[in-house]
Each structure stands twice: as structure tokens, then as C-alpha cells.
Amino acid sequence: MDSLTNRFKAALAEGRQQIGLWCSLASPISTEVVAGAGFDWLLLDMEHSANDLRDIYAQLQAMMEGDTHPMVRVPSDDPITIKRILDAGAQSLMIPNIDDAAQAARVVAATRYAPRGIRGFSQAPRAARFGRIKDYHTRCEAELFVAVQVESRRALDNLDAIAAVEGVDGVFIGPGDLSTSLGYVGQQGHPEVVATIEAAVARIVRAGKQAGILTPSEELARRYIAAGTRFTAVGSDMGLLARNAEALAARFRA
């Protein structure tokens, strides 16, 4: 594979499960550490963390030499933000809070150059290795992975139409906001929430799109994988640091 090939997208196309970790610490050092741990992909979060564009840029650089693939969750569906993250070199994006097909189509358009979209043209961004990938602008679209996040009752109502949008490669279920929207705030493991998520995963798979989710529960992760998720985040850098630090301290206090 050459430097432009999206290994994550290729692995999913081959049916290989991709296990990931959420990264919210906004540090290229911590991201470099967990990038070497053996995960297939890391989610660099800009929605619920202190990450800004410079932080993401540095973390993409920190991951450059390894095999773990970076995906960036942008803070919103803003096309300017999407353009800047793509120019920084991200090939896989997650866009939160997608509620209908029209919104999904707009975010896809933000990742495409004209005439297929509205992404602004930059001659030699980091994504093109500063002009060293000569055919970047003609090849980049095929190597992008666009995941839209469904997180509300309205999104579930429109799920089939969202998944049918051309250019949507994956649909990622946000269990926190979804459980809240369903009336079970803070109860991601509630039986009705779990059943709803499993049914949504089945719909995504039937639509021929990749299904994804985040859960720190190993039991639920394995259950959702069995239901059909193919890019599955199983924890977070913040959670690993907090829970392991607490456990270490508790052992010595005892």
C-alpha cells in the first residue's frame, strides 16, 4: 500500500473487525503511547475534549510512523472545520449529531472537491505531503472514510435514509446521547437501550454500510460485535488513566 491508501477503510472492506480507542487527552505524547498498544484505530476527539486543530495536527504527526489508523471526530458539521482537518492529513472523519439524510449529504459534500462537493482546494497541504503526492487531489476521495454519528430518536427514525446517502461509509452509534434521547440518561446498558442499538446495527448492516460504536463495557462490546459492528471502540485514554490510577492508589491505601 502507498502512503495515500486508507488501511482502515481497506480492512473494513475486507470484513476485518477494527478495534479502537477513544483519545481525549489532547496530547501527542499520550496518543503516541497508546498508538503503539496494538489498536487498529484511535479516535482523536474534538467534540468533547480540549483538542483544537494544532493538537490534532501534532497527534497525526505522532501516529505517522505506526500502523494504527487515526480517525478524527470533528466538533460539528461545519464545512470549514472539516476542510481544515482533511488538509491536516486526516483520512477518516466522524461527524457527530447527524439527524437526517440532508445533513448527511451536506457533510459528505464538505469532504469532496468540486463539482462533487464544496471542499476548498489547497495546492499542497500536509494531506498531500506538501505536494509530494502528485495525484492527491484526484485520488483522495476514494481513500476517505466518512462516518456519521446517529445519537437521537430523530436520527433513528431517519436511519435508513441516512445510511443510503452516497459517500457515507460508516454509521456510528453514539450510545451516550442516544440513551439520553430515549429517556435513559446515564444508562447506556439499560436493556431497552441495548436492544435499540442492536436493532440499529442490523439496519446499518442491511444498508451495506459499516456500523460502529463506543463502549467501555467488554460485555457490551462483544455483544455489539456479534450484532454486526465492525469498527468498535472499547475504551478511552482518559478512562484507562483514571481507573488504573485509582486502582493502583487503592491497592496501596489498603
Side-chain angles (χ1 to χ4, degrees), residues 1-23 31-32 34-46 53 56-74 79 81-96 98 104 107-113 116-117 119-122 124-149 163 165-172 204-205 207-214 229-233:
M1 294 184 181
D2 66 21
S3 61
L4 193 56
T5 299
N6 187 328
R7 299 186 304 271
F8 173 80
K9 185 174 184 177
L12 287 171
E14 294 170 1
R16 288 187 276 146
Q17 176 66 227
Q18 298 293 282
I19 299 297
L21 185 78
W22 225 251
C23 292
T31 294
E32 185 177 24
V34 296
F39 293 101
D40 297 300
W41 61 287
L42 300 182
L43 189 287
L44 309 180
D45 188 23
M46 298 182 73
L53 178 60
I56 295 299
Y57 201 107
Q59 288 169 78
L60 292 173
Q61 291 174 318
M63 295 181 65
M64 187 174 179
E65 294 182 359
D67 294 328
T68 302
H69 183 79
M71 178 183 290
V72 178
R73 178 164 73 170
V74 295
T81 301
I82 290 172
K83 171 181 64 179
R84 298 185 77 194
I85 294 300
L86 290 174
D87 284 352
Q91 291 183 292
S92 297
L93 299 183
M94 185 181 296
I95 297 92
I98 300 300
V107 299
V108 169
T111 70
R112 269 60 173 163
Y113 292 119
R116 290 172 52 78
R119 179 183 175 184
F121 184 89
S122 177
R126 180 178 183 274
R129 295 301 179 264
F130 315 105
R132 296 183 182 114
I133 302 177
K134 302 301 181 184
D135 55 355
Y136 170 79
H137 298 90
T138 57
R139 289 184 52 209
C140 63
E141 179 180 323
E143 299 301 333
L144 296 179
F145 184 89
V146 177
V148 296
Q149 202 165 352
V165 171
E166 182 183 0
V168 169
D169 300 294
V171 180
F172 192 92
I204 296 164
V205 172
K209 300 298 173 74
Q210 306 290 348
I213 200 165
L214 162 68
T229 63
R230 286 297 174 266
F231 60 114
T232 311

Counting N and O atoms only, with roles assigned by atom type, does the side chain of [X] sit under 3.5 Å from a partner on the main chain of [Y], one being a donor and the other an acceptor?
| X | Y | result |
| --- | --- | --- |
| W22 | A233 | no |
| K209 | V165 | yes |
| T68 | F39 | yes |

Pairing residues for R126 by the salt bridge (Lys or Arg N to Asp or Glu O under 4.0 Å) criterion, not counting sequence neighbours: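 R126 satisfies salt bridge (Lys or Arg N to Asp or Glu O under 4.0 Å) with no other residue.
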
K9: partners by salt bridge (Lys or Arg N to Asp or Glu O under 4.0 Å), with sequence neighbours left out: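 Counting only residues at least two positions away or on another chain, K9 forms a salt bridge (Lys or Arg N to Asp or Glu O under 4.0 Å) with D169.
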
Gap between atom [atom2] of [Y] and atom [atom1] of [X] - 0.5 Å precision:
| X | Y | atom1 | atom2 | result |
| --- | --- | --- | --- | --- |
| T229 | Q18 | OG1 | CD | 11.5 Å |
| M71 | D40 | CE | CG | 11.5 Å |
| I82 | R112 | CD1 | CZ | 11.0 Å |

Intermediate values then yes/no, salt bridge (Lys or Arg N to Asp or Glu O under 4.0 Å), R116 and E166: CA-CA 11 Å; R116 290 172 52 78; E166 182 183 0; 3.8 Å; yes

With the side chain counted from C-beta on, respond yes when [X] and [Y] share a heavy-atom pair under 4.5 Å apart, and no when they do not.
| X | Y | result |
| --- | --- | --- |
| L214 | F172 | yes |
| L86 | T111 | yes |
| E141 | Y113 | no |
| L12 | F145 | yes |
| I133 | C140 | no |
| I85 | D87 | no |
| V34 | C23 | yes |
| V72 | M94 | no |

Can you give me every donor-acceptor pair (side chain of residues 58-65, partner residue at least two apart or in another chain, under 3.5 Å) with its distance?
residue: Q59; atom: OE1; partner: T31; partner atom: OG1; Å: 2.7
residue: Q59; atom: NE2; partner: N51; partner atom: OD1; Å: 2.7
residue: Q59; atom: NE2; partner: D55; partner atom: O; Å: 3.1

Could you report the tightest heavy-atom contact between [X] and [Y], atom names first, then the distance?
| X | Y | value |
| --- | --- | --- |
| G131 | A124 | N-CB, 3.5 Å |
| D135 | T138 | O-OG1, 3.0 Å |
| V146 | G167 | CB-O, 3.6 Å |
| R73 | D45 | NE-OD1, 2.7 Å |

Mutual orientation of the aromatic rings belonging to W41 and F8 [parallel < 30°, tilted 30-60°, perpendicular > 60°]: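 Rings of W41 and F8: tilted, 30 to 60°.
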
T5 versus E143, side-chain donor and acceptor atoms under 3.5 Å: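 No, no side-chain donor-acceptor pair sits under 3.5 Å.
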
Exercise: do S92 and N6 side chains pair donor with acceptor under 3.5 Å: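 The answer is yes; a qualifying pair exists.
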
Derivation of the side chain to side chain contact (heavy atoms under 4.5 Å, CB included) call for H69 and Q91: CA-CA 9 Å; H69 183 79; Q91 291 183 292; 4.3 Å; yes

